[in-house]
Structure formats: structure tokens, C-alpha cells
Amino acid sequence: MALRIILPLLLLAAATPASLAAIDVVQMLAGKPQYATFLRLLRETKVAQDVSRMKTASVLVVPERAVKPLLSIPADKLRTVLLHHVLTKYFDPIQLAEMKTNVAKLQSLLSVTDKNLGTINYSMEKDGQMYLRSPGADSEAKLIKVVAARPFSISIMEISAPLVCKEILAQGRPKGKGKGGVKMMSADTEAAAGSSVKASAPAATAP
């Protein structure tokens, strides 16, 4: 399972011009109609612009067949939900598979404004299949494949379903505010540890 995800990454890495500096998720998804709706939402909510200002990022995209739940999210919540689909560090299946544990918490762009909700739970099963889950979500999303990548700057990876956090949708309601406090491990700390990770533990970050 993991091999099917990793091989396309290696091919994309070889084909990606290293000279391109700015992160342009719009350009990288151009000509890929299977992500057209998700790309439109990234542009309309200005999240694509936020990504272009980042030095490293991993964007988790949802294909047309699974994007419908996002279309029912109120406009004032949609940007927040999409920020949750952008990891603040570069990740690819190879790095994820090399993590020290098979469970971890990955920091999303939402963490800039909400450190409690701005994490995504990552896990890898014994068969190599990788999963991602929003805090408090009832279901997980599978990591399907690498869509595009420029190691170690930007990766775009397809997931099987949107990452929708109930607490994000409930914000602003009397009983809807989330609690919690995930302690994030810094990228420098993870790298110094000689990174090999899998995920479920307290915190993990980019190598």
C-alpha cells in the first residue's frame, strides 16, 4: 500500500523543476479536473494565497467524488476548514513512514490562530496504509497518493475525504468551543532525533 503512494512521489520529484521557488498550489493543480472544485474553494477562500506565502507546506486535497461535504459548510466556516487541510511543514509518504511511532499529531495552518484545533491526527496501519483525522472527528481519511511535489518545499497529497472538525463548525455557538492542548514537537527537535516516525504519539513535525 505504501509503495503505491511512494513511487509516484519519486517520479514527480524527478520531473519537478528545482528552479521554481514560489509555492503556487493553483499552478500545480492546474489541468487536474479531478480536483477542480477543491481548487476553486482554495482560491475563493484565499487559502491558496496563504500557501503561496509559506516556505514549506503539505496540501491535502479532496477529489471531486468526495468533495460534496465541503460544499455544505457555511461560508464563514469554510476558510477555517480549508486551513486545516494545509500542513505547515513538508511531508511525503516516505517521511511519514520513517517517523518514530505509527501515530502522530501534525500541525496545520489553522494552528496559527487556534493551537488546540490546529492539529491533524496521523496514523499508519501495519499494512502501510496511512490515515488522517481531524480532532473529534468520527471517521478517518485515507492518504491515497501524491498528486504533485517539490521536495522538500511543497507536496500535494490526495485524501479520501475532507478533514472536518466538529468543533470548528461549532465555533461561535454557546457550547461549541473546543478545549484541549496538544503539545507540538518542533521540527528541529524531530530532525535532531534522527527522525523515523510513524504516528500516534503526542506530537510530530517535519524532519
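On a predicted model such as this, the values are computed, not experimentally measured, just so you know.
- A heavy-atom distance below 4.5 Å is not found between the side chains of Lys55 and Ile23.
- Side-chain N or O atoms of Ser58 include none that pairs as donor or acceptor with a backbone N or O of Ser155 at under 3.5 Å.
- In this structure, the side chains of Ile154 and Val25 stay at 4.5 Å or more apart for every pair of heavy atoms.
- Of the possible donor and acceptor atoms, one in the side chain of Gln129 sits under 3.5 Å from a partner among the backbone N and O of Leu143.
- No side-chain donor-acceptor contact under 3.5 Å links Ser123 to the backbone of Ala104.
- In this structure the side chain of Leu110 reaches within 4.5 angstrom of the side chain of Thr80, judged on heavy atoms.
- When the side chains of ILVMFWY residues are joined at heavy-atom separations under 4.5 Å, either directly or via intervening members, Val59 and Tyr131 end up in two distinct hydrophobic clusters.
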(Q) Set out, in order, the CA-CA distance, both residues' side-chain angles and the distance that settles salt bridge (Lys or Arg N to Asp or Glu O under 4.0 Å) for Asp24 and Arg150, then state yes or no. (A) CA-CA 11 Å; Asp24 190 342; Arg150 191 194 316 148; over 6 Å; no

**Q.** Steps toward side-chain contact (heavy atoms from CB on, under 4.5 Å) verdict (Lys32, Leu29)
**A.** CA-CA 6 Å; Lys32 294 180 171 60; Leu29 287 175; 4.3 Å; yes

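- Across Leu109, Val62, Leu60, Leu70, a single residue satisfies side-chain contact (heavy atoms from CB on, under 4.5 Å) together with Leu82, and that is Leu70.
- Pairing each heavy atom of Gly118 with each of Ser111, the nearest pair is O-CB, 3.5 Å.
- Here the side chain of His85 pairs a donor or acceptor atom with the backbone of Leu163 at under 3.5 angstrom.
- Taking CD1 from Ile120 and CZ from Phe91, the interatomic distance works out to 10.0 Å, rounded to the nearest 0.5 Å.
- Looking at Lys105 and Pro135, their side chains never come closer than 4.5 Å, going by heavy atoms from C-beta outward.
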Q. Is there a side-chain contact (heavy atoms from CB on, under 4.5 Å) between Val147 and Gln34 once you walk through the steps?
A. CA-CA 11 Å; Val147 176; Gln34 63 270 43; 5.9 Å; no

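- With Thr45 contributing its side chain and Leu41 its backbone, the two residues share a donor-acceptor pair below 3.5 Å.
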Q. Can you check side chain to side chain donor-acceptor pair (under 3.5 Å) on Gln95 and Tyr90, steps first, answer last?
A. CA-CA 9 Å; Gln95 289 184 324; Tyr90 173 88; 5.7 Å; no

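- Distance alone, capped at 3.5 Å, places no donor-acceptor pair between the Ser160 side chain and the Ala141 backbone.
- Heavy-atom neighbours of Arg40 CZ from other residues, nucleotides or ligands within 6.0 Å: above the threshold of 12.
- Checked options Glu140, Arg133, Met130; the residue passing with Tyr122 is Met130 (criterion: side-chain contact (heavy atoms from CB on, under 4.5 Å)).
- Remark: the backbone N or O of Thr37 is paired with a side-chain donor or acceptor of Glu64 at under 3.5 angstrom.
- Grouping the Ile, Leu, Val, Met, Phe, Trp and Tyr side chains by contacts below 4.5 angstrom, directly or via other members, places Leu169 with Leu83.
- Contact annotation: the side chain of Leu106 approaches that of Leu96 to within less than 4.5 Å [non-hydrogen atoms, C-beta and beyond].
- Put simply, the side chain of Gln107 does not reach to within 4.5 Å of the side chain of Lys89, judged on heavy atoms.
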